[in-house]
Amino acid sequence: MPIHTTIADRVAEIVIDHPPVNALDLAGWRALADALTAVGRRDDVGAAVLRANGRGFCAGVDIKELTANPRLIVEVNRACHDAFAAVYNCPVPVIAAAHGFVLGGGIGLVGAADLIVSAEDATFGLPEIDRGAMGAATHAMRMFGMHAARRMLLTGEPIGAAEAYRLGPLEPLVPAAELRDAALALAGTIASKSRVAVRLAKESLNGIELLDVPRSYRFEQGFTLELYTSSDSQEARDAFVERRDASWERGR
């Protein structure tokens with residue numbers, strides 16, 4: 001299978017490995033969605049890194065498969081939707097580690113992630129307008145803003161890592177050789193926090209993203225109360241007052 005998962009130190013590492021360009025077929029998109037869903041259900045995972053081997057992160061869907069069997073388009077679209085949703089809805093934060101080309105469905109994956117670590121050689125694009133399709137404009141808009149995403153979709157022209165960083169969604173750029181370590185380090189920092197707090201924080205952030213400010217804050221308050229009543233919250237306060245490291249509850 002083109003998707004591999006390993007877990008160490010409470011960090012799950014999900015790797016796309018489907019040469020030559022990590023363009024996923026129907027089975028590949030389904031496997032990726034399943035892998036992300038499985039990781040989110042584990043009690044021993046506090047954060048996840050989604051990355052890829054090879055020349056680029058992901059070139060989207062396997063156009064050759066669709067050319068050979070156009071009737072697969074509905075199933076492929078559903079599988080892409082499920083993979084993007086599995087990133088966005090994963091109970092633990094997902095950090096995308098982007099390098100080389102990030103195209104089409106690749107934009108959907110990184111755009112659905114909680115944080116994006118990028119190599120200096122990355123390029124981000126929606127070439128679908130030249131492929132007779134539509135791209136992950138929703139996710140590009142989430143990353144780059146409305147007008148940048150419109151330009152990407154309408155022209156098919158990619159943007160480089162420096163411009164993507166300027167537009168705001170990326171962590172500081174790193175050399176390609178340091179990408180994996182940087183992503184794992186960030187995931188490790190998150191995984192070291194309270195499991196209860198991190199999962200509630202992600203659910204809260206997802207919930208407030210598309211709401212107006214007053215309703216957003218009321219939504220957040222519900223999660224604040226839920227967290228406050230947990231033993232992890234009490235431990236955090238106790239540790240602060242006693243000037244010691246907190247000891248988090250692992251299960252929930």
Side-chain angles (χ1 to χ4, degrees), residues 1-7 12-41 48-90 92 94-119 121-140 142-143 149 152-153 156 158 164 169 176 179-180 183:
M1 291 298 291
I3 309 300
H4 310 289
T5 302
T6 58
I7 297 171
E13 189 175 7
I14 302 165
V15 182
I16 303 170
D17 189 5
H18 192 54
V21 295
N22 289 326
L24 296 178
D25 58 13
L26 175 59
W29 285 108
R30 286 174 171 170
L32 181 56
D34 289 345
L36 287 156
T37 300
V39 160
R41 291 173 176 163
V49 169
L50 175 62
R51 67 174 188 86
N53 290 333
R55 295 189 287 117
F57 176 77
C58 178
V61 303
D62 185 347
I63 297 176
K64 292 180 180 179
E65 179 185 53
L66 288 176
T67 300
N69 188 356
R71 288 176 296 180
L72 285 178
I73 185 63
V74 173
E75 292 182 73
V76 170
N77 279 349
R78 170 57 64 182
C80 287
H81 170 276
D82 291 347
F84 303 160
V87 175
Y88 187 80
N89 294 321
C90 186
V92 300
V94 177
I95 298 163
H99 77 285
F101 43 80
V102 184
L103 303 174
I107 291 283
L109 293 173
V110 299
D114 296 274
L115 296 167
I116 307 166
V117 178
S118 175
D121 68 353
T123 58
F124 302 84
L126 295 173
E128 283 83 353
I129 199 164
D130 295 321
R131 307 289 188 270
M134 298 292 291
T138 294
H139 303 88
R142 184 175 188 242
M143 294 170 66
M152 291 172 67
L153 184 66
L179 178 63
R180 178 173 180 263

### Query
Quick one: CG on Leu72 to CG on Leu26, what's the gap to the nearest 0.5 Å?
6.0 Å
### Task
With Leu36 as reference, evaluate Asn89, Val87, Val92, Asp82 under the side-chain contact (heavy atoms from CB on, under 4.5 Å) test and give the passing residue.
Val87
### Task
First locate atom CD1 of Ile63, then atom CG of Asp25, and finally report the distance between them rounded to the nearest 0.5 Å.
13.0 Å
### Query
Just by modelled atom types, is the Asp17 backbone N or O under 3.5 Å from a matching donor or acceptor in the Asn53 side chain?
no
### Query
So, does Asn22 use its side chain to make a donor-acceptor pair with the main chain of Gly56 at under 3.5 Å?
yes
#### Entry: Which atom of Thr37 lies closest to which atom of Ala86, heavy atoms considered
OG1-CB, 4.1 Å
### Query
Considering all heavy atoms of both residues, which atom of His139 and which atom of Phe84 are nearest to each other, and what is their separation?
CE1-CD1, 3.6 Å
## Note on the structure
Minimal heavy-atom distance between Asp121 and Ala176, with the atoms involved, is OD2-CB, 4.0 Å
### Task
Kindly indicate whether the side chain of Ile95, heavy atoms from C-beta on, has any atom under 4.5 Å from the side chain of Asp114.
no
### Query
So which of Arg30, His81, Glu65 actually passes side-chain contact (heavy atoms from CB on, under 4.5 Å) with Val76?
Glu65
### Message
What's the separation between atom CG in Leu109 and atom SG in Cys58, rounded to the nearest 0.5 Å?
### Response
5.5 Å
### Query
Counting distance only, does the side-chain N/O of Arg142 pair as donor-acceptor with the main-chain N or O of Gly111 below 3.5 Å?
yes
### Message
Between Trp29 (side chain only) and Ala83 (backbone N and O only), is there a donor and an acceptor less than 3.5 Å apart?
### Response
no
## Note on the structure
Minimal heavy-atom distance between Gly28 and Pro2, with the atoms involved, is CA-CG, 4.0 Å
### Message
Quick check: closest heavy atoms across Ala96 and Val110, and the distance to 0.1 Å?
### Response
CB-CG1, 3.7 Å
### Task
Over all heavy atoms of both residues, which pair between Leu179 and Ala98 is shortest? Give the atoms and the distance, please.
CD2-O, 3.4 Å
